2 protein chains.
Amino acid sequence: MARKRGLTPDDVVAAARELADADGLEAVTLAAVAERLSVRSPSLYSHVDGLDGLRRRLAFEAAEALRLAFVAAAADRTGLEALEALAHAYRAFARDHPGLYAAAQRAVEPDEDPELYAALGAVLEPVLGALLEAGVPEGELIHVTRAFRSALHGFMELELKGGFGIPESVEESFRHLVGLVLSGIEGLAAGGEAPAAQD
Amino acid sequence: MARKRGLTPDDVVAAARELADADGLEAVTLAAVAERLSVRSPSLYSHVDGLDGLRRRLAFEAAEALRLAFVAAAADRTGLEALEALAHAYRAFARDHPGLYAAAQRAVEPDEDPELYAALGAVLEPVLGALLEAGVPEGELIHVTRAFRSALHGFMELELKGGFGIPESVEESFRHLVGLVLSGIEGLAAGGEAPAAQD
DNA sequence: GTCCCATGGCTAACGGCCTTAGTCACCTGC
DNA sequence: GCAGGTGACTAAGGCCGTTAGCCATGGGAC
């Protein structure tokens with residue numbers, strides 16, 4: 001019954017992923033994953049390097065999935081239009097895969113885990129491309145990317161964790177946020193300097 | 001030696017707060033707090049309702065501290081200028097009190113803990129006031145507030161957790177973000193409708 | 001001044017978690 | 001048909017939160 005033998009690392013990660021999306025990333029415990037696979041938790045160590053290793057695997061999985069969603073969203077779109085599509089793809093991803101999304105937020109020092117660092121960085125490439133197309137000066141690219149990411153991440157963090165008290169059209173709030181950020185980027189691309197509060 | 005007798009709930013919360021700011025909110029464990037107070041962890045139950053109760057107390061503490069920081073920042077400023085000051089006060093608070101800041105992010109359903117919900121909501125009042133002064137239409141107030149909060153929260157989440165790989169002038173990135181959001185709000189207040197990506 | 005009892009510490013113990021060490025059965029390759 | 005490695009297992013230890021039950025202290029009532 002069940003798989004008597006022959007669990008693979010991918011099986012373990014897949015189980016963790018399901019668990020994360022269903023019950024939250026914090027529910028991904030070796031005990032829970034093991035139970036889901038009808039196995040005792042020490043057995044998982046044959047396939048995955050402890051809880052930390054599993055989390056790292058999940059982060060890779062998440063980075064790649066989000067990157068693919070971005071690539072698909074930006075396909076045959078450019079500039080601001082692509083940015084808008086990216087923003088909505090971001091939200092859709094976070095809503096559809098909350099656990100995986102949370103797993104992608106794992107922060108890593110570049111010299112601590114270069115591989116994962118690179119994978120997480122690759123996610124942003126479609127964003128960088130779209131920003132350049134939109135006319136953002138290269139010198140401000142880092143700042144604008146960070147702003148774009150901050151806005152989206154902050155919103156999803158609040159939405160997913162229930163930080164928005166009343167469900168008063170979260171959808172529309174998101175559109176407002178995107179519009180606000182995009183208009184700022186647009187102005188910045190046209191005008192050159194940042195629009196306000198520039199020291 | 002030390003306090004032989006007479007630990008108070010406030011002592012416990014204060015110890016937790018120090019621990020949170022020094023080592024991160026996840027380091028706030030009953031065992032760690034107890035050790036810091038030279039006491040065994042079961043003793044804390046006399047003063048605080050378990051780990052959850054302690055976290056709740058921390059959330060109150062955090063909400064009030066942040067609210068005060070906001071009130072101070074907005075004092076004798078109005079509109080966009082006040083918003084800019086609020087933004088910088090937000091970042092300063094998060095940087096100075098990372099643990100407390102994290103504790104403030106605890107999400108609560110309105111009917112689950114109305115008191116805490118109210119305390120957390122009160123934090124945003126100075127923001128609402130400034131937005132109104134800045135000319136944001138009342139119908140869009142919720143959305144703009146959410147956008148403002150999302151941007152700030154997302155940025156700090158990324159900054160504090162080390163999500164910005166290179167420390168390439170995080171300071172300047174933040175000014176960019178603030179400028180971008182403020183210009184969006186400004187345009188929205190003047191123009192009426194949201195600037196882009198509407199519908 | 002004495003007694004009583006609430007306060008606020010404590011130890012003991014349980015269950016859950018991650019993890020390591022050591023064991024054992026099966027499947028595969030020779 | 002045998003040997004060995006793979007991948008499961010049990011046992012055990014450490015850290016966590018939590019509950020139950022104990023006991024000393026000290027302040028207030030008389």
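All values below were derived from every heavy atom in this structure, side-chain atoms included, with hydrogens, water molecules and symmetry-related copies excluded. Nothing here was measured: the structure is a model prediction, and the numbers come from that model.
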Value in whole Å for how far the [atom2] atom of [N] lies from [atom1] of [X]:
{"X": "B:Leu37", "N": "C:dG8", "atom1": "CG", "atom2": "P", "answer": "14 Å"}
{"X": "A:Leu19", "N": "C:dC17", "atom1": "CG", "atom2": "C1'", "answer": "14 Å"}
{"X": "A:Leu54", "N": "C:dC17", "atom1": "CG", "atom2": "C1'", "answer": "14 Å"}
{"X": "B:Leu7", "N": "C:dT7", "atom1": "CG", "atom2": "P", "answer": "16 Å"}
{"X": "A:Asp49", "N": "D:dG7", "atom1": "CG", "atom2": "C1'", "answer": "16 Å"}

Would one find a side-chain N or O of [X] under 4.0 angstrom from OP1 or OP2 of [N]?
{"X": "B:Arg40", "N": "C:dT11", "value": "yes"}
{"X": "B:His47", "N": "C:dT7", "value": "no"}
{"X": "A:Tyr45", "N": "C:dT20", "value": "no"}
{"X": "B:Thr29", "N": "D:dG17", "value": "yes"}

Exercise for the section: Dump the intermediate steps for side-chain contact (heavy atoms from CB on, under 4.5 Å) on B:His97 and B:Phe93, then the final yes or no. Expected result: CA-CA 6 Å; B:His97 311 287; B:Phe93 180 83; 3.7 Å; yes
Exercise for the section: Would you mind checking if B:Glu84 and B:Arg175 are paired as a salt bridge, meaning a charged N to carboxylate O distance below 4.0 Å? Expected result: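 Answer for the salt bridge query: no.
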Problem - Lys/Arg N to Asp/Glu carboxylate O, A:Arg56 vs A:Glu115, below 4.0 Å - result: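 Looking at A:Glu115 together with A:Arg56, the answer is yes, because their closest N to O distance falls below 4.0 Å.
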Practice task
Let me see the working for A:Glu140 and A:Leu188 under side-chain contact (heavy atoms from CB on, under 4.5 Å), right down to the final yes or no.
Solution key: CA-CA 9 Å; A:Glu140 309 193 7; A:Leu188 191 146; 3.2 Å; yes
Problem - Pairwise 5' ranking along DNA chain D for A:Pro42 and A:Ser46, keeping only the more 5' one - result: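 First, find each residue's nearest nucleotide; the 5'-ward one identifies A:Ser46.
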Exercise for the section: Describe the nucleic acid contact of B:Ser43 in one word from base, sugar-phosphate, nothing, applying a heavy-atom distance below 4.0 Å. Expected result: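 It contacts base atoms.
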